[in-house]
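The next block holds one structure in the form of structure tokens; read it before the comments.
Numbering of ligands and ligand atoms starts at 1, following listing order. Scope of the values below: all heavy atoms of this structure, side chains included, with no hydrogens, waters or symmetry mates. For this chain, numbers begin at 1 and follow the sequence in order.
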Amino acid sequence: MDLAIKHVTYSDISDNWPLKDQVLEQINDINQQLVNDPTLEAPEIFLDNQGMRRIRYRNKLSEQAFRFRPALEEWRCQLVPTALALWAVQHPLAVRLISGGEMDLNSRPWFIHANDARGIRSRAKVMAAIADLHLNDNTYVNWISLACGAAVPVLKTLHSAKLKSQKFTLLLIDNDRQSLMFSRGLATQYGLVEGHHFQLLMRNLFDRLIVSDKLVQELGEQSAELVDGLGIFEYFTQPQAVHFIRHALRLVKPGGVLIISNMLKTSPQIDFALRCIGWTMIYPRTLFELREIILAAGINLQNVTVTLPSDGVYAVMEINVTE
Ligand SMILES: C[S@@+](CC[C@H](N)C(=O)[O-])C[C@H]1O[C@@H](n2cnc3c(N)ncnc32)[C@H](O)[C@@H]1O
């Protein structure tokens, strides 16, 4: 028995938005030049003498990419790598970034058409499809969102599931206070009441779900039907990822599911994402490497389905806990 693989294609704002071919061509070109020269380094952020976060370019391609895209530059300086940066990708038609700057005409098409932006949106759709099945099947659902960030994917899922007559509780966990505060505002806008529909918990998953199982002790074994960890798995080394899965699975009730994602090494514009934009250090993986982690965590491959959206950016793993 090997990993079950599911290929999916979702419609996306990028499908019909102007400039698609031009932007893809521009970004593919930058990506290819970076592939050709592995010595070109990602930009870095430094604090200027007024304490402002500024960008220092370390290659020409990066400098040119940001030069006439002020929103992209503000986004990179002020928001990356927090979940508040993802918000712009999840809401590319918004007038402003969360940091306040206005979206400009040159930046917006990149937030729409960059393949990685599409991948962030599609991984959320995969999670929504999996979660929806569980929301339909159960009369009451506890959902724990690990590294929830701004909680956009979770809240959109619950919203499109019509909040299922409010028969759920949602626990939003992150170590970033600002993102948690933002998720509180968003959840409230969705009509959810803190303490009744959702709770926030500021915890470091590294300390409490990798190095130790303190989070499992705090929340209780088998306390949720749905546990997700979108966009966090690739921050962990292989041994850390194994511990993370082992511990996170203990939070899941029999019949429930753990949903996690990892960027693929084959993601088509990965050099652009890592060395032109300069997203923080992550561990993109192959399906084989993910399979090794799953096996090392003692999981029967029969209980795992990997969904691969057609943009090729992420693998979304669904690990079912049998009854
Ligand atoms: C890429 S975002 C993903 C957010 C959300 N799950 C999504 O897909 O939209 C990663 C999140 O992980 C959080 N994070 C990173 N390291 C963490 C840690 N050690 N403990 C808890 N959260 C962490 C960050 O604060 C950030 O909100």
Exercise for review: Would you mind checking which non-hydrogen protein atom is closest to atom 25 (O) of ligand 1, with the distance to 0.1 Å?
Suggested key: Asp174 OD1, 2.6 Å
Exercise for review: Kindly confirm or rule out an N or O of Asp228 lying under 3.5 angstrom from an N or O of ligand 1.
Suggested key: no
Check your understanding: Relative to ligand 1, is Arg203 under 4.0 angstrom through side chain, backbone, both or neither, heavy atoms considered?
Key -> backbone
Exercise for review: Would you mind checking which non-hydrogen protein atom is closest to atom 1 (C) of ligand 1, with the distance to 0.1 Å?
Suggested key: Gly231 O, 3.4 Å
Exercise for review: Taking only Lys NZ, Arg NE, NH1 and NH2, and the carboxylate oxygens of Asp or Glu, determine whether Arg291 and Asp2 approach each other closer than 4.0 Å.
Suggested key: yes
Review point. Which one holds for Ile232 and ligand 1: side chain close, backbone close, both close, or neither close, with close meaning a heavy atom under 4.0 Å?
Key: side chain
Review point. Would you call Glu63 and Lys60 a salt bridge, taking side-chain N to carboxylate O under 4.0 Å as the test?
Key: yes
Check your understanding: Of the protein's non-hydrogen atoms, which lies at the shortest distance from atom 19 (N) of ligand 1, and what is that distance?
Key -> Asn204 OD1, 2.9 Å
Revision key, fill the gap. In ligand 1, the atoms that come under 4.0 Å of a heavy atom of Asp176 are 25 (O)
Review point. Atoms of ligand 1 less than 4.0 Å from Gln90 heavy atoms?
Key: 9 (O)
**Study point:** Check: Asp132 side chain, Ala128 main-chain N or O, donor-acceptor pair, under 3.5 Å
**Key:** no
Practice item. For ligand 1, find out whether one of its N or O atoms is nearer than 3.5 Å to an N or O atom of Leu230. Key: yes
Practice item. Around atom 2 (S) of ligand 1, find the nearest protein heavy atom and jot down its residue, atom name and distance. Key: Leu86 CD1, 3.9 Å
Check your understanding: Would you say Ala147 and ligand 1 have an N/O pair spaced under 3.5 Å apart?
Key -> yes
Practice item. Kindly assign one of parallel, tilted or perpendicular to the pair Phe111 and Trp75, based on the angle between their ring planes and the thresholds 30° and 60°. Key: perpendicular
Check your understanding: For ligand 1, does Cys148 get within less than 4.0 Å through its side chain, its backbone, both, or neither, judged by non-hydrogen atoms?
Key -> backbone
Practice item. List the steps and the verdict of side-chain hydrogen bond (donor to acceptor under 3.5 Å, both in side chains) for Asp311 and Ser122. Key: CA-CA 8 Å; Asp311 48 71; Ser122 70; 2.7 Å; yes
Point to revise | ligand 1 atoms in contact with Phe206 (distance to a heavy atom under 4.0 Å) | key: 19 (N)
Review point. Backbone N or O of Lys214 within a donor-acceptor pair of the Arg208 side chain at under 3.5 Å?
Key: no
Review point. Taking Arg246 for the side chain and Ala296 for the main chain, is one N or O donor matched with an acceptor at less than 3.5 Å?
Key: yes
**Study point:** Closest approach of any protein heavy atom to atom 8 (O) of ligand 1, naming residue and atom
**Key:** Arg123 NH2, 3.1 Å
Review point. In terms of the angle between their ring planes, are Phe66 and Tyr57 parallel, tilted or perpendicular, with boundaries placed at 30° and 60°?
Key: tilted
Exercise for review: Return yes if some donor-acceptor pair links the side-chain N/O of Asn59 with the main-chain N/O of Ser62 below 3.5 Å, else return no.
Suggested key: yes
Check your understanding: With a 4.0 Å heavy-atom cut-off (strictly under), which part of Leu205 contacts ligand 1: side chain, backbone, both or neither?
Key -> both
Point to revise | atom 14 (N) of ligand 1 - nearest protein heavy atom and its distance | key: Asn175 OD1, 3.5 Å
Check your understanding: Where the side chain of Asn320 meets the backbone of Thr322, is there a donor-acceptor pair that is under 3.5 Å apart?
Key -> no
Check your understanding: Checking side-chain hydrogen bond (donor to acceptor under 3.5 Å, both in side chains) for the pair Gln32/Asn28: CA distance, chi angles, key distance, verdict?
Key -> CA-CA 6 Å; Gln32 190 54 49; Asn28 283 338; over 6 Å; no
Check your understanding: Which atoms from ligand 1 have a heavy atom of Gly149 less than 4.0 Å away?
Key -> 4 (C), 27 (O)
Point to revise | Proximal atoms of ligand 1 relative to Ala83 (non-hydrogen, under 4.0 Å) | key: 27 (O)
